[in-house]
Protein chains: 2
Amino acid sequence: MALRVVGALRDDIVTMTLRPGDVISESDIAGRYGVSRQPVREAFIRLAQQGLLMIRPKRATVVKKISPEGVRQSRFIRESIEVEIIRRLAGHPGADAGAVLGELIVEQEAASNANDSRRFHTLDELFHRTLARLIGVEYAWQLIDDHKMQLDRVRYLTLGSSSSKLAISEHKTIVAAVTAGDVAGAEAAMRAHLARAEVLLSQTIAAHPDYFE
Amino acid sequence: MALRVVGALRDDIVTMTLRPGDVISESDIAGRYGVSRQPVREAFIRLAQQGLLMIRPKRATVVKKISPEGVRQSRFIRESIEVEIIRRLAGHPGADAGAVLGELIVEQEAASNANDSRRFHTLDELFHRTLARLIGVEYAWQLIDDHKMQLDRVRYLTLGSSSSKLAISEHKTIVAAVTAGDVAGAEAAMRAHLARAEVLLSQTIAAHPDYFE
DNA sequence: CTTTTCTATCTTGTATGGTAGACGCTCGTT
DNA sequence: AACGAGCGTCTACCATACAAGATAGAAAAG
C-alpha cells in the first residue's frame with residue numbers, strides 16, 4: 001500500500017496537481033490517503049531518490065522545483081543513448097525494423113488527426129522504446145524513462161502546443177535513414193528530433209519561472 | 001543514521017563481504033548495527049532502488065545476484081555517454097584540458113608503479129569523471145557511477161589482475177586524440193578502452209558462476 | 001515409506017508513541 | 001519604534017508493538 005502512495009504522489013507531481021515548491025508533510029499525506037505515516041515516509045524516500053521530492057530534515061518536505069541544469073543534462077544523457085541506439089540500428093537494421101516502426105507511425109498519424117495528444121504522447125514514447133528494443137537494450141530506455149519524469153513535468157505545462165505533425169515527419173526521416181542503412185543521416189535526424197525539446201524548455205521557463213530554480 | 005547503514009551496507013556489498021545470494025533480514029542488520037529496524041528498513045528501500053538488494057515481501061531480503069544482461073546494458077549506457085563526451089571534448093578541447101588530464105595520468109603511473117591498485121582505481125574513476133566535468137556534464141557521470149556499482153562488484157572479484165599499464169596507455173591515446181582535435185580517433189580510443197570490461201565480465205562469470213543469475 | 005496437513009517461527013508491512021531540532025510568533029527590553 | 005530573546009508548534013526521525021503472509025518442519029494418515 002506504500003507503493004500505492006508512491007504512484008498517486010508521482011502522478012500528482014507530474015500532472016502538476018502538486019506543483020514545484022509546494023510543501024507537504026508525512027502527517028498531511030497520511031491523513032489524506034487514510035494510511036499511517038510510515039508508508040508515506042517510505043514513499044517520500046523513494047520519490048526523493050527519483051528527484052521529485054526534497055526531504056529537509058526536521059523541517060518539511062517540498063516538491064522539488066525543476067532544475068534547468070538537470071533537465072539539460074538529462075537531455076544530454078538521452079541524446080547520447082538514443083544516438084548510439086540509432087547508429088547501431090542503422091548499421092545493422094533487422095528485417096522487420098522498417099515494418100514495425102512504420103506501423104507505429106501510422107498509429108501516430110491517426111492519433112494526431114484525432115487531436116488525441118495524450119495517445120500521441122504514449123505512441124511517441126513507444127516509438128523510442130521500440131528503437132531500443134530492436135537492438136536489445138530496452139533496459140536502457142527504462143533508465144531514460146526515469147530521468148524523463150522531470151521533462152514530463154515541463155511537457156505537461158505545454159500540452160496542446162504539441163507539434164505532432166512535425167514530430168511524425170521527423171520520425172519518418174529517421175526510419176527512412178535506418179532502413180537505408182544511412183548511419184550518419186539517422187544520427188543527424190535523431191539529433192534534430194531531440195533538439196526541439198530545448199526550445200520547449202526555454203519557453204516553459206519563461207512562462208512559469210516560479211516552477212524552476 | 002539511516003544513511004550510515006546505507007553506506008555500510010553498500011560497502012559490504014561492493015566489497016563482497018555480503019555476497020550475491022546472501023539472505024539478510026531487517027532484524028539481523030538492526031541488531032548488528034545497534035539500531036532499530038526502521039532505519040534499516042529505509043536503508044533496504046534505498047539499496048533496493050539502486051539494484052543492490054531484492055526485497056521479497058513477507059519472505060526475506062537477498063543481496064541481488066549480478067545480472068550479466070544488466071551489466072551488459074550498463075556498459076552500453078556508459079559507452080554511449082562517454083563516447084558522446086569524448087566526441088564533444090575532442091571537437092572543442094578547452095585550453096587546459098590536456099594539462100589537467102596529463103597530470104592525472106602522471107599520478108596514475110605513480111600508483112601503478114607502487115602497485116597501489118586501490119588508488120589506481122580511484123584515479124581511473126577520477127579520470128573519466130574529469131572528462132565529463134570538462135564539458136559541463138558532471139551530473140551525467142554521477143548517473144554512470146550509480147550503474148557502475150554492479151560492475152564494481154565484478155571488478156572487486158578480479159582485483160590484482162589489474163592491467164593498469166594497458167589502461168594508462170589507453171588513457172594517453174585518448175588524451176592525445178582529444179588535444180589533437182581528432183574526434184574519430186578519440187571515439188575509437190574510448191570504445192577500445194571500454195571494451196576491455198567485456199572480457200573481464202566473461203572471465204568473472206566463469207570463475208564465480210554462483211554470483212550471477 | 002510416502003504423502004499430506006497443520007503448526008511454529010521467521011519474515012516484511014503497518015500503526016503509534018516519543019524525541020530532537022528548526023522555524024515563527026509573541027513578549028520584553030533598549 | 002526597533003531589535004532580540006524565549007517559548008510554542010510543527011517537522012522529520014527513531015523506537016516499539018502489533019498484524020499478516022510465507023516457509024519449513026514435524027506429526028499424522030495412507
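Letters go in sequence order (proteins before strands), and every chain restarts at 1.
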### Query
Considering the options B/Ile135, B/Ile81, B/Leu131, which one meets the side chain to side chain contact (heavy atoms under 4.5 Å, CB included) requirement together with B/Ile86?
B/Leu131

Review item, nucleotides 14-17 of chain D N/O atoms under 3.5 Å of protein N/O:
{"unit_1": "D/dC14", "atom_1": "OP1", "unit_2": "B/Met1", "atom_2": "N", "d": "3.0"}
{"unit_1": "D/dA15", "atom_1": "OP2", "unit_2": "B/Ser36", "atom_2": "N", "d": "2.7"}
{"unit_1": "D/dT16", "atom_1": "O4", "unit_2": "B/Gln38", "atom_2": "OE1", "d": "3.3"}

### Message
With the threshold set at under 4.0 Å for non-hydrogen atoms, list the residues of residues 43-62 of chain A touching DNA chain C in residue-number order.
### Response
A/Lys58, A/Arg59

#### Entry: Within 6.0 angstrom of A/Arg87 CZ, more than 12 heavy atoms from elsewhere
yes

### Query
Is any NZ, NE, NH1 or NH2 atom of the basic residue among A/Glu42 and B/Arg41 found under 4.0 Å from an Asp or Glu carboxylate oxygen of the other?
yes

## Note on the structure
Here the distance between atom C1' of C/dT14 and atom CZ of A/Arg4, to the nearest Å, is 16 Å

### Query
What integer distance in Å separates B/Asp28:CG from C/dT11:P?
8 Å

### Message
Run A/Gln73 and A/Glu69 through side-chain hydrogen bond (donor to acceptor under 3.5 Å, both in side chains) and show every step you take.
### Response
CA-CA 6 Å; A/Gln73 303 223 9; A/Glu69 181 61 20; 2.9 Å; yes

### Query
Do the charged groups of A/Glu82 and A/Arg191 touch, with an N to O distance under 4.0 Å?
no

### Task
Over all heavy atoms of both residues, which pair between B/Ser27 and B/Arg37 is shortest? Give the atoms and the distance, please.
OG-CD, 3.7 Å

### Query
Only one of B/Leu104, B/Leu101, B/Asp124 forms a side chain to side chain contact (heavy atoms under 4.5 Å, CB included) with B/His171, so which one is it?
B/Asp124

### Query
Under 3.5 Å, side chain of B/Asp11 to main-chain N/O of B/Ala8, donor-acceptor pair present?
no

